[in-house]
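Data first, discussion second: the structure below is written as structure tokens.
All figures in this text were calculated on a predicted structure; none of them were measured in a lab.
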Number of protein chains: 2
Amino acid sequence: MICSVAGVTTPGAPPAPGLRDRKKRQTRAALAEAALRLVAERGLDQVTVEEISAAADVSARTFFNYFASKDEALVGDPAGGGVRLVARVAAAPPGQPVLTTLRHALDEVIDEIRADRELWSLRMEVVTRNPALLPRLIAGNAATEQAIVDVLAARLGVGPDHPYPRLVTAVAGAALRAAMTRWATHRDDRDLADLADEAFAALAAGLPEPGPAR
Amino acid sequence: MICSVAGVTTPGAPPAPGLRDRKKRQTRAALAEAALRLVAERGLDQVTVEEISAAADVSARTFFNYFASKDEALVGDPAGGGVRLVARVAAAPPGQPVLTTLRHALDEVIDEIRADRELWSLRMEVVTRNPALLPRLIAGNAATEQAIVDVLAARLGVGPDHPYPRLVTAVAGAALRAAMTRWATHRDDRDLADLADEAFAALAAGLPEPGPAR
DNA sequence: AAATCACCTTGCAGAGAGTGCAAGTTTTTA
DNA sequence: TAAAAACTTGCACTCTCTGCAAGGTGATTT
């Protein structure tokens, strides 16, 4: 009776995972990892949900309790980091330039991607080799993108139909994707955060062309 | 016997459509139109391929001879205008700024979209109301985008791994999508070409923020 | 600790997507 | 007009994805 403190939810700190949650995370991770590994080996159409489930030691029906589709298991994280991203945009200092705000808001996302480097490298490889997935990877951000558009419009005080928030959000997303593609393809190279910085700097400078002389 | 000239293929001009081609175009258009109309009415999941085929007076099997998936019938034109777009980029005057090149290359695409205004309005409405399709709409451009990246790299003489072509291509695509979304949502407004011009000008200017004062 | 509750997993049945194959039909070509 | 090529269609089949009704395992309450 001394310390059944496990139930208390301390706002601010993770409130004691609990066996059940841990198992769920494990199952989800196992399914995603198995899906990525098998698809990387054989190709998207040569892997069935049944095989993925078998590799993760669950039934095929359970697979669909975790992911709405085979694709979702591969591209992962729908809206997981999205809400935090929106929150970070909303919480940025008011006067800050929009591109700076967006770039800083992405820090957290970028850190998470770097933390799961193995997984993300595999994921980018699978996506580039199965272009059918690329739209899914982008679409996952569709809802988040709209939310950011709304937040930016409010921050700038311009009304929800003003073209600027939509343009800058779409463009920033494109810049991040370009940086991620570059990072994933020859990854021995630079840090993802640096590549993102470069891309955003180029945006702010009006996309100056690389000097042909020197 | 007087004029069976229909067979001659004059290079440069459309080489006499032929009954077969006309029928194919008709069937394809009928399927796409039926798909868009039904999905706009009922929603993506409430329409089966069988219903679409019935509305276009062909068998369900024939549907799949025209489109690889239900989604494809809705987002349409995969790689159709893509090759011409790439060609226009490649044929642009050498010294021209990249953003100008890309904007002009889009003229043809934009004209076609305006020509099919009814269809495209329906399409954008369906896509925005069924976000699951948005990735498909973008993915259709994935192959084209890579081709443009390669052409730009060659034009700039920078090698296929340089980050600039990928960044500018991705960003230009995002700008076009933002313009199309704006055009589709309140369409009574401005011309699509004007909206695209505005977006590209903003890119070239480094995405200046809208003045809060005045 | 036992009983209860909530959630998770699983199998089953079924609708719908998408494909390969083998006709049958229509257009084109010779 | 006859042969060739292309298009349509039905059929059988695999795979994806969903709803439902158990059964099981972790959490909660008394």
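In this structure, B/A68 reaches the sugar-phosphate backbone alone: every heavy-atom distance under 4.0 Å involves primed, P, OP1 or OP2 atoms, never a base.
Shortest non-hydrogen contact noted between A/L74 and A/R123 is O-NE, 2.9 Å. Scanning both residues, B/A196 and B/I110, for their nearest heavy atoms gives CB-CD1, 3.8 Å. For A/L122 against A/A40, the heavy-atom pair with the smallest separation is CD1-CB, 3.9 Å.
By the 6.0 Å contact criterion, CD on A/E108 is enclosed, its count of non-hydrogen atoms from other residues, nucleotides or ligands being greater than 12. Heavy-atom contacts from other residues, nucleotides or ligands closer than 6.0 Å to CZ of A/R129 number 12 or fewer. Atom CD of B/E50 sits in a sparse spot, with 12 or fewer heavy atoms from other residues, nucleotides or ligands closer than 6.0 Å. Shown here is B/E118, whose CD atom has no more than 12 heavy atoms of other residues, nucleotides or ligands within 6.0 Å.
Between A/Y164 and A/H162, the ring planes are perpendicular. Angles over 60° get that label, and only those under 30° would be called parallel.
Rounded to a whole Å, the CD atom of A/E51 is 12 Å from the C1' atom of D/dT14. For the pair A/K70 NZ and C/dG16 P, the interatomic distance rounds to 21 Å; values are reported in whole Å. Rounded to whole Å, atom C1' of D/dG10 lies 12 Å from atom CD of B/E50. Distance, B/R42 CZ to C/dG16 P: 12 Å, rounded to whole Å.
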For nucleotides 7-9 of chain D, which of its nitrogen or oxygen atoms have a protein nitrogen or oxygen under 3.5 Å away, and what is each distance?
| residue | atom | partner | partner atom | Å |
| --- | --- | --- | --- | --- |
| D/dC7 | OP1 | B/K24 | NZ | 2.8 |
| D/dT8 | OP1 | B/Y66 | OH | 2.8 |
| D/dT9 | OP2 | B/S59 | N | 3.0 |
| D/dT9 | OP2 | B/T62 | OG1 | 2.6 |

Between the protein and nucleotides 22-25 of chain C, are there any N/O to N/O pairs under 3.5 Å, and if so, what are the atom names and distances?
none

